[in-house]
Amino acid sequence: MTRIVILGGGPGGYEAALVAASLGASVTVVDSDGIGGACVLTDCVPSKALIATSETMTNLALAPGLGIRPHGPGVTADTSSPAVAWGMPSGSDSGTPALTPPEVVGVDPVQVYERVRELAKAQSLDIERRLEREKVEIVHATGRLVGPHAIEASNGETFVGDAVLVATGAAPRILSSAQPDGERILTWRHLYDLKEIPEHLVVVGSGVTGAEFASAYRALGAEVTLVSSRDRVLPGEDLDAARVIEDVFVRRGIEVLNRSRASSVRRIGDGVIVELSDGRTVAGSHALMAVGSVPRTRDLGLTDVGVRLGPGGHVGVDRMSRTSVPGVYAAGDCTGVLPLASVAAMQGRIAMWHALGEAVSPLRLGTVSSNIFTEPEIATVGMSQVMKDAGAVAAEVTTVPLSRNPRAKMMGIQDGFVKLFCRPGSGSVLGGVVVAPRASELILSVSLAVENGLTVDQIAHTFSIYPSLSGSITEAARVLRPRDFFAGFDKPS
Ligand SMILES: Cc1cc2nc3c(=O)[nH]c(=O)nc-3n(C[C@H](O)[C@H](O)[C@H](O)COP(=O)(O)OP(=O)(O)OC[C@H]3O[C@@H](n4cnc5c(N)ncnc54)[C@H](O)[C@@H]3O)c2cc1C
């Protein structure tokens with residue numbers, strides 16, 4: 001029987017363990033912080049559970065625009081005014097849906113955080129039980145490589161495998177001038193131990209993590225300042241999508257400080273002072289440092305056994321998840337390939353299929369779909385606008401705003417769009433961007449098209465539900481193929 005030893009029980013590690021066990025290998029997972037990894041315990045799962053609450057608050061804030069009024073004991077507001085009906089500050093009722101959090105509905109922070117923690121713990125336990133059912137040996141300990149195929153655990157045991165997988169993940173990047181104290185200066189891993197919704201949260205970093213928490217905490221009632229060193233929020237993402245999100249942020253009362261680099265964060269009593277490199281300061285009750293992650297590859301004995309690391313400390317891997325040492329594989333955030341749970345899991349599976357002699361294709365990143373869980377969400381797959389603008393791939397593109405989608409109108413959705421890229425001539429779908437509530441659910445049809453080489457004609461001929469947000473995807477496909485699809489017909493407006 002082949003022996004596999006896995007260091008790290010996050011998606012990269014546990015998905016690999018399940019594949020290896022199903023192929024008949026004897027598998028040991030050595031994990032220090034909990035099965036499910038940072039993904040389940042501190043990062044992905046808790047943030048999305050928190051966002052489920054903030055999303056509900058956003059819907060409540062928008063409810064007056066749909067004619068919903070609170071009533072009951074103690075509510076005496078003027079119901080002719082949507083914003084006032086929700087106890088909103090005067091001036092927010094301008095005929096458009098109110099965009100500040102409702103004050104007659106309160107968030108119970110203790111319950112919110114407890115739910116998030118419990119959900120994460122339960123999911124970790126579920127995965128652990130599943131691994132046990134598949135006869136995977138789980139060792140709760142810190143491990144390090146003491147030979148190319150040997151892992152020594154902090155409980156004193158050494159596990160030797162025919163192949164080893166390193167899947168130790170990443171940790172929040174800490175700036176020496178902004179040391180987290182877990183109370184006022186925070187990383188995202190501290191948030192769920194708070195007792196309160198911060199009165200004024202200063203989010204440092206406007207990448208995916210910073211944007212998601214800025215969006216969520218604003219909806220939960222915090223005053224939010226977003227400090228971005230770049231020209232705009234979400235640098236690196238689709239520019240049109242980032243513009244929509246920045247617009248929404250500003251309308252919802254988030255103060256966005258672009259081209260503002262934080263040079264230090266200090267705690268002053270019960271608050272924080274964020275100093276910007278141009279000398280300005282921002283005062284808040286809490287600061288959330290969202291300035292990226294670093295791979296957890298130090299002190300693992302990797303270089304001692306010959307595993308090559310990149311300049312940032314990531315484990316170098318090829319598309320089969322092989323490192324520079326035969327029989328040593330790596331997967332997930334420690335490789336720096338693409339920091340997504342789905343990619344970590346796929347890298348781990350590929351490693352095991354390869355190690356155990358199965359037929360396997362190399363990792364393909366061109367078809368990975370990803371989502372930013374702001375409100376609205378941004379989902380993307382395949383080719384990007386940057387690739388098109390750089391001329392890297394010839395493509396046609398169209399953008400259909402949601403404001404002309406009938407379902408969006410019925411739901412009071414004003415922001416968002418569907419963008420599709422296709423190959424000129426053949427019309428093969430190359431990629432897409434969806435900015436919408438639950439874009440994460442809408443992108444699948446575009447992902448299926450990209451993965452399977454479907455054409456815009458095929459999407460244009462597919463029935464979408466009327467009325468539905470996904471109707472904008474078929475509409476975008478029709479726009480890209482107007483002559484073929486509407487030959488002989490008048491094009492509907
Ligand atoms: C705030 C936030 C939100 C995110 N949301 C999403 C999302 O919505 N969707 C998405 O796809 N991705 C999301 N991600 C990214 C996702 O969490 C990571 O890509 C994913 O966790 C990577 O999985 P992994 O297995 O590489 O590492 P991890 O999940 O970090 O697991 C690594 C495991 O290795 C263990 N370990 C480390 N060192 C050792 C050692 N020496 N000995 C033993 N064990 C060790 C750790 O205890 C941990 O359990 C988010 C990230 C952040 C920061």
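Whatever order the structure lists ligands and atoms in, that order sets their numbers, starting from 1.
Close contacts between ligand 1 and Gly12 involve ligand atoms 25 (O) [criterion: under 4.0 Å to a heavy atom]. Less than 4.0 angstrom separates some heavy atom of Val30 from each of these atoms of ligand 1: 43 (C), 44 (N). Each of the following atoms of ligand 1 lies closer than 4.0 Å to a heavy atom of Leu300: 41 (N). Of all the atoms in ligand 1, the ones that sit under 4.0 Å from a non-hydrogen atom of Gly34 are 49 (O).
Below 3.5 Å of separation, one finds an N or O of Gly143 facing an N or O of ligand 1. Taking distance alone, with nitrogen or oxygen atoms compared against 3.5 Å, Leu340 approaches ligand 1 more closely than that limit. Close N/O approach between Ala341 and ligand 1 is found [any backbone or side-chain N/O within under 3.5 Å]. The distance criterion of under 3.5 Å between nitrogen or oxygen atoms is not met by Glu212 with respect to ligand 1. The distance criterion of under 3.5 Å between nitrogen or oxygen atoms is not met by Ser47 with respect to ligand 1. Residue Gly332 has no N or O atom closer than 3.5 Å to an N or O atom of ligand 1. Between Asp333 and ligand 1, an N or O atom pair is found at a separation short of 3.5 Å. In terms of N/O distances under 3.5 Å, ligand 1 is not approached by Thr209.
In this structure, Phe373 is part of the shell of residues with a heavy atom less than 4.0 angstrom from ligand 1.
Shortest non-hydrogen contact noted between Arg319 and Ile350 is O-CG2, 3.9 Å.
Salt bridge absent: Arg129 and Asp126 never bring a charged side-chain N and a carboxylate O closer than 4.0 Å.
When the heavy atoms of Val40, Thr168, Thr187, Thr297 are ranked by distance to atom 37 (C) of ligand 1, first place goes to Thr168.
Checked options Arg438, Lys48, Glu377; the residue passing with Asn371 is Glu377 (criterion: side chain to side chain donor-acceptor pair (under 3.5 Å)). Only one option out of Val307, Leu300, Ile6, Thr335 pairs with Val166 in a side chain to side chain contact (heavy atoms under 4.5 Å, CB included); it is Leu300. Under the side chain to side chain contact (heavy atoms under 4.5 Å, CB included) rule, His286 has a single partner from Leu194, Ile185, Val203, which is Leu194.
In this structure the side chain of Leu41 never reaches within 4.5 angstrom of the side chain of Val45, judged on heavy atoms.
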Go through it in stages, so that I can follow the logic: the residues are His190 and Asp181, the test is side chain to side chain contact (heavy atoms under 4.5 Å, CB included), and I'd like the CA-CA distance, side-chain angles, deciding distance and then a yes or no.
CA-CA 9 Å; His190 295 123; Asp181 63 5; over 6 Å; no
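The aromatic rings of Tyr192 and Phe213 are tilted relative to each other, their planes meeting at an angle between 30° and 60°.
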